[in-house]
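Letters go in sequence order (proteins before strands), and every chain restarts at 1.
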Amino acid sequence: TPLRVAVASNFKLPLSEIINQYQENTGNEVSISSASSGILYQQIKAGAPYDVFLSADELRPDLLIKNDLAYENSKVIYAVGILAFYSPNKKVILNELKQSDNDKIKISIANPLHAPYGLAAKNILQELFQNIEVFKGTFITSNNIASTFQIVHSGNAPAGFVALSHIISTKVPRQDYQILSSDKAKVPQAAVILKRSKDKAAAKKFLTYLSSPEAIHQIIGYGYEVVKPITVEKI
Amino acid sequence: MNFAFGSTEITAFWLTLKLALSTTLILMLFCIPLAWWLAKSKSWFAMLVESIVALPIVLPPTVLGFYLLIAFSPQTLLGEHYQALTGQQLAFSFYGILFASLIYSLPFAIQPLQATFSQLDKRLIETAQSLGARPLDCFISVVLPICKNGIISAALLCFAHTVGEFGVILMIGGNIPGETQVLSIALFDAVESLQYEKAHNMAAGLLIFSMVILIIMNMLKRGQQRATD
Amino acid sequence: MNFAFGSTEITAFWLTLKLALSTTLILMLFCIPLAWWLAKSKSWFAMLVESIVALPIVLPPTVLGFYLLIAFSPQTLLGEHYQALTGQQLAFSFYGILFASLIYSLPFAIQPLQATFSQLDKRLIETAQSLGARPLDCFISVVLPICKNGIISAALLCFAHTVGEFGVILMIGGNIPGETQVLSIALFDAVESLQYEKAHNMAAGLLIFSMVILIIMNMLKRGQQRATD
Amino acid sequence: MLQIDCSIKLNQKIFKYKHHFELKNRCIGISGDSGCGKTTLLRIIAGLETNAQGNIKLNNEALQLSDENFIKPAFKRDIGFVFQDTRLFPHLTVLGNLKYALKRATTVKFSLEKVVEAFSLTPLLQRKPLMLSGGEKHRVAIARAILSSPQLLLMDEPLSGLDSAQKVELLKYLKYIKTQFDLSIIYVSHIEDELKTLSDEIIYLN
Amino acid sequence: MLQIDCSIKLNQKIFKYKHHFELKNRCIGISGDSGCGKTTLLRIIAGLETNAQGNIKLNNEALQLSDENFIKPAFKRDIGFVFQDTRLFPHLTVLGNLKYALKRATTVKFSLEKVVEAFSLTPLLQRKPLMLSGGEKHRVAIARAILSSPQLLLMDEPLSGLDSAQKVELLKYLKYIKTQFDLSIIYVSHIEDELKTLSDEIIYLN
Ligand SMILES: Nc1ncnc2c1ncn2[C@@H]1O[C@H](COP(=O)(O)OP(=O)(O)OP(=O)(O)O)[C@@H](O)[C@H]1O
Ligand SMILES: Nc1ncnc2c1ncn2[C@@H]1O[C@H](COP(=O)(O)OP(=O)(O)OP(=O)(O)O)[C@@H](O)[C@H]1O
Ligand code: MOO
Ligand SMILES: [Mg+2]
Ligand SMILES: [Mg+2]
């Protein structure tokens with residue numbers, strides 16, 4: 001049976017490419033299941049037959065570790081998502097947002113209650129405007145970061161806080177977005193090996209491959225950053 | 001955006017009720033004549049319309065939502081005209097999710113209605129005509145009461161289906177409290193953000209509420225049945 | 001797993017077809033007798049059953065999926081017994097999504113069937129009895145053919161609804177190619193990962209396929225109608 | 001006066017009708033073998049057979065002119081119909097059925113009370129059709145057609161379910177209203193007695 | 001031999017039946033005012049009135065014993081019924097309707113061909129009931145009931161839609177099969193002539 005990797009939907013595209021290479025290089029088979037990190041987390045708790053979980057945040061892998069469903073020392077940050085402010089034709093300029101724009105301008109954002117990119121966006125806003133409650137009527141909340149992007153991309157909102165990876169993979173022109181470089185705009189995405197995995201060695205091998213130069217090349221190419229070379233400790 | 005809890009659920013409840021009632025009402029008004037025509041007509045054109053009208057069920061709701069999102073954007077004809085007429089945007093507004101609900105629930109109204117109408121004894125229509133009833137009169141005074149059960153069934157499916165609607169609204173709603181944050185979305189949000197207790201409470205509330213509505217509707221149906229027998 | 005486009009979709013297509021056909025078949029076998037009983041019985045108990053059976057529509061699919069996921073987990077009675085009996089897990093398997101589809105589509109089978117049955121002229125049943133037809137015989141030889149349109153309608157709704165099913169399967173399916181990755185999920189995946197072209201192609205394929213099925217079913221219905229008139 | 005020159009194809013067989021009935025307060029009796037087309041004739045007159053070809057005029061007013069592609073819809077023809085198979089509305093009580101007709105009458109010539117009395121329907125008024133005996137249904141069907149106060153009343157074996165005493169009484173009543181209330185009747189029956197009692201003219205179809 | 005001691009409440013009114021019919025190859029004629037309960041009697045005998053209270057025995061075999069809470073279901077009673085309102089199956093052709101009865105006959109006493117011939121149904125065999133005239137429907141209904149080869153045949157105004165020639169012929173045929181095929185008949189009609197021609201005994205209900 002192939003190694004089963006559950007991946008947060010924002011990372012599915014880069015992962016597919018990495019796995020293509022991986023299969024070519026090693027001959028090991030890998031299958032991908034993707035959904036939002038939240039759904040994957042529920043599934044794992046209910047006993048889903050995944051070997052490796054690539055979440056879009058650190059919270060859920062930590063929770064799995066706490067629940068004894070994942071190996072504590074397998075946790076690695078495989079990529080760091082970067083938030084961008086996307087506004088085609090510069091209809092909205094982030095720093096020029098005013099309280100009087102409330103209700104007039106719609107800004108697409110992932111739900112900060114559970115989407116890591118949404119939380120990052122909220123933090124950025126807080127940093128810029130202190131009290132963001134005044135923008136009550138401004139935000140359109142989506143369930144995940146892909147729809148957040150689609151809402152702006154389809155023209156239904158003039159601007160939004162999106163993942164840089166989506167901007168890069170759809171080749172958005174450079175002048176239409178602004179990369180947010182603050183530390184608060186970073187979304188560390190963690191991976192863990194699940195305890196129910198029947199082939200820990202293969203899982204570990206795969207996770208290690210994610211820090212290989214080829215893989216990192218892909219990851220960066222899709223608009224993510226990486227933290228120091230990742231190592232998977234003994235499990 | 002309201003980051004606080006509390007009255008969220010109550011607002012969501014009223015919004016859901018408003019959405020479900022509006023959808024059911026509008027669909028019934030629109031689908032009863034359409035289904036009647038479909039049930040009577042034997043033309044190929046009617047068959048085509050019948051099939052097209054059933055299509056929204058096969059599209060996964062989120063995918064339907066995705067295409068509606070594209071259709072609603074101000075660059076398209078629909079989005080542009082709506083905005084020109086109302087000065088407002090269709091997506092992320094109550095009317096936007098109402099429109100989506102209408103499309104999404106359309107087949108659930110049409111199908112039972114049409115099955116009911118096609119089973120009607122056509123001789124009773126002749127009878128009404130011979131007594132001087134004009135077509136509309138005949139429809140209201142004979143067809144509707146005799147097909148009452150099928151109509152209630154269709155309304156029930158519509159209503160319940162709209163209450164449970166999720167994927168479409170998720171895409172084009174934008175989760176705005178009081179405007180587009182219906183119960184199903186609030187519930188999913190609770191699950192996603194690991195607030196299980198809140199989720200369980202809302203699910204229980206939703207079930208009890210729906211159970212009450214369903215029992216009332218079924219009582220209507222049964223009352224009717226008893227009287228006819 | 002095959003990353004080359006094409007074969008994923010074909011696998012997903014066959015899986016979807018298998019799931020939709022199985023669901024429709026099983027639901028028809030189970031719901032036809034149930035709906036018949038519901039349509040005939042005037043008891044309060046029947047009314048309660050009728051309302052319970054309609055409940056799955058009001059739960060947002062993902063939420064229904066969430067609760068099924070809990071119910072399927074090996075810690076529960078259902079999950080435990082299933083695993084003990086088959087040695088396999090119910091969630092994330094074809095039988096798991098089949099079970100979920102059955103629950104999810106149940107109301108769409110029951111409602112039209114019941115509306116149809118309640119409209120049947122009871123005098124024809126007396127007639128069949130007086131000619132010596134036993135209850136089952138009478139049901140097969142009189143009730144079913146006369147209610148054919150309603151039954152086709154119910155089957156149509158079931159089938160189409162299962163094809164478009166999404167939220168529940170996403171939750172309890174686990175998106176496993178060849179086992180639980182149905183077309184609707186594959187399509188959603190494409191949208192989520194911004195592979196719009198792939199998504200458009202799949203949506204178009206799904207629509208054309210469904211259109212063909214719907215047209216065939218409607219032709220059956222119309223053919224039947226013409227012959228009865 | 002009713003002029004008919006029509007034909008219709010049913011089951012590959014063509015039925016031709018060419019008649020000229022003097023109607024004014026008269027009753028035309030129609031008899032003929034079962035299946036010879038009596039009901040079909042009434043249906044054509046009432047406008048219920050949309051496939052019929054030809055011309056029909058009632059008191060010089062055109063009901064159907066095939067050359068001009070004109071056909072007056074059934075609900076606009078001031079013609080009542082007592083169907084062979086009664087066809088009471090199952091969702092309405094007897095009273096509901098009667099009122100249904102009364103409400104849609106262009107000119108109200110009959111009072112509900114008088115007709116109910118003439119057909120002894122008082123004890124049945126609150127019942128649904130499924131709770132009536134065969135003869136009771138026929139009586140309600142006739143009463144309903146009369147209450148719609150038509151210019152011309154078509155009756156298709158209306159007395160078939162009644163007992164002899166009722167038959168005699170209702171025939172008397174029909175005779176009475178025919179002259180008193182400016183009503184013309186076309187009456188289909190297999191029973192010579194009935195036809196002779198009521199009709200001013202009897203026609204045999206075949 | 002048929003022994004009935006039953007009562008039933010319909011519309012607050014109680015209908016009581018206490019009869020003892022000698023049946024063996026005989027025909028019992030039943031007459032009575034419209035609404036007096038003739039159809040109800042037949043329905044009780046056939047087992048279609050589940051609310052009836054009392055006892056019924058057919059040839060010493062119990063059909064209903066209220067004391068013992070026993071009621072033989074309609075489909076197990078070897079009793080045929082020609083309904084006043086014909087009740088042909090709308091989804092089957094005439095032939096289909098006839099075969100329906102034939103297939104379910106416990107002992108086949110009649111051949112399809114002979115019955116079809118006796119009732120002149122040949123040209124109608126392929127038609128659906130909606131395409132039949134009133135008299136044609138009645139003929140099919142009688143033929144269908146006969147083809148189910150019952151021990152006892154209940155007929156509720158079966159000849160009401162037929163023309164006189166057909167009536168005479170069918171009465172003759174019924175008389176013939178009654179003696180030749182070991183059939184007993186209970187025959188409800190308002191028409192004295194019919195009753196006298198066919199019945200060995202006439203009973204007036206009221
Ligand atoms: N809808 C129909 N389609 C095809 N044929 C029909 C239809 N209705 C009647 N017929 C046929 O047309 C012929 C004339 O029918 P019609 O009902 O006019 O006879 P009728 O004179 O009223 O007979 P009856 O005295 O038995 O009522 C019959 O042979 C009948 O089978
Ligand atoms: N299902 C029913 N519920 C209540 N009352 C009924 C029902 N069926 C018949 N009745 C009433 O019972 C009485 C007897 O009915 P039944 O049909 O036996 O009369 P009948 O003798 O056959 O009359 P007819 O000669 O008119 O057919 C009638 O007054 C009728 O209104
Ligand atoms: O992939 Mo996510 O968890 O929807 O951002
Ligand atoms: Mg006729
Ligand atoms: Mg009777």
Side-chain angles (χ1 to χ4, degrees), chain B residues 42 47-48 50-52 54-64 66-67 107-108 111-112 114-116 118-122 146-147 149-150 152-154 156-157 160-161 163-167 183-185 187-188 191 199 203 206-207 209-211 214-215 217-219 221-222 225-226 229, chain C residues 39 42 47-48 50-52 54-64 66-67 107-108 111-112 114-116 118-122 146-147 149-150 152-154 156-157 160-161 163-167 183-185 187-188 191 199 203 206-207 209-211 214-215 218-219 221-222 225-226 229:
Chain B
K42 281 160 188 164
M47 205 192 66
L48 200 73
E50 187 175 342
S51 305
I52 290 175
L55 274 186
I57 348 180
V58 300
L59 273 189
T62 11
V63 174
L64 185 63
F66 171 65
Y67 285 108
F108 299 92
Q111 285 289 338
Q114 203 187 327
T116 299
S118 74
Q119 235 178 321
L120 184 80
D121 188 346
K122 278 136 206 120
I146 291 182
C147 296
N149 268 0
I152 293 181
S153 217
L156 211 83
L157 280 177
H161 194 241
V163 169
E165 183 176 332
F166 167 78
L183 221 49
S184 58
I185 302 277
L187 181 45
F188 183 64
V191 169
L206 194 59
L207 282 179
F209 165 68
S210 307
M211 194 77 193
L214 289 171
I215 286 182
M217 293 285 244
N218 283 334
M219 268 166 60
K221 253 185 0 194
R222 251 151 237 279
Q225 236 171 359
R226 198 171 282 145
D229 287 350
Chain C
K42 281 160 188 164
M47 204 191 66
L48 200 73
E50 187 175 342
S51 304
I52 289 176
L55 274 187
I57 350 180
V58 301
L59 273 190
T62 10
V63 173
L64 183 63
F66 170 64
Y67 284 107
F108 299 91
Q111 284 289 339
Q114 202 188 327
T116 298
S118 74
Q119 235 178 322
L120 184 80
D121 187 346
K122 278 136 205 120
I146 291 182
C147 297
N149 268 0
I152 293 182
S153 219
L156 211 84
L157 279 176
H161 194 241
V163 168
E165 183 176 334
F166 163 78
L183 220 49
S184 60
I185 304 276
L187 181 44
F188 181 64
V191 169
L206 193 60
L207 283 180
F209 165 69
S210 307
M211 193 78 194
L214 289 170
I215 287 182
N218 283 334
M219 267 165 62
K221 250 181 8 187
R222 251 150 236 280
Q225 237 173 359
R226 199 171 281 146
D229 288 350

Go through [options] and name the one with the most non-hydrogen pairs under 4.5 angstrom from chain B.
| options | result |
| --- | --- |
| C/Leu64, C/Asp121, C/Val163, C/Thr116 | C/Thr116 |
| C/Gly167, C/Ser153, C/Cys147, C/Pro107 | C/Ser153 |
| C/Ala115, C/Pro112, C/Pro56, C/Ala160 | C/Ala160 |

So, the part of B/Phe209 with a heavy atom under 4.5 Å from chain C: the answer is neither
Of the listed B/Ser210, B/Ala154, B/Ala199, B/Pro61, the one with the largest count of heavy-atom pairs under 4.5 Å with chain C is B/Ser210
Any non-hydrogen side-chain atom of [X] less than 4.5 Å from a side-chain atom of [Y]?
| X | Y | answer |
| --- | --- | --- |
| C/Pro60 | B/Leu183 | no |
| B/Met211 | C/Ile52 | yes |
| B/Leu55 | C/Leu214 | yes |

Is [X] close to chain B through its backbone or its side chain, or both, or neither, when contacts mean heavy atoms under 4.5 Å?
| X | answer |
| --- | --- |
| C/Phe188 | both |
| C/Leu48 | both |
| C/Gln111 | both |

When rounded to the nearest 0.5 angstrom, what is the spacing between [atom1] in [X] and [atom2] in [Y]?
| X | Y | atom1 | atom2 | value |
| --- | --- | --- | --- | --- |
| B/Ser118 | C/Ile152 | OG | CD1 | 9.5 Å |
| C/Leu120 | B/Gln119 | CG | CD | 7.0 Å |
| B/Tyr67 | C/Leu207 | OH | CG | 8.5 Å |
| C/Leu59 | B/Leu206 | CG | CG | 6.0 Å |

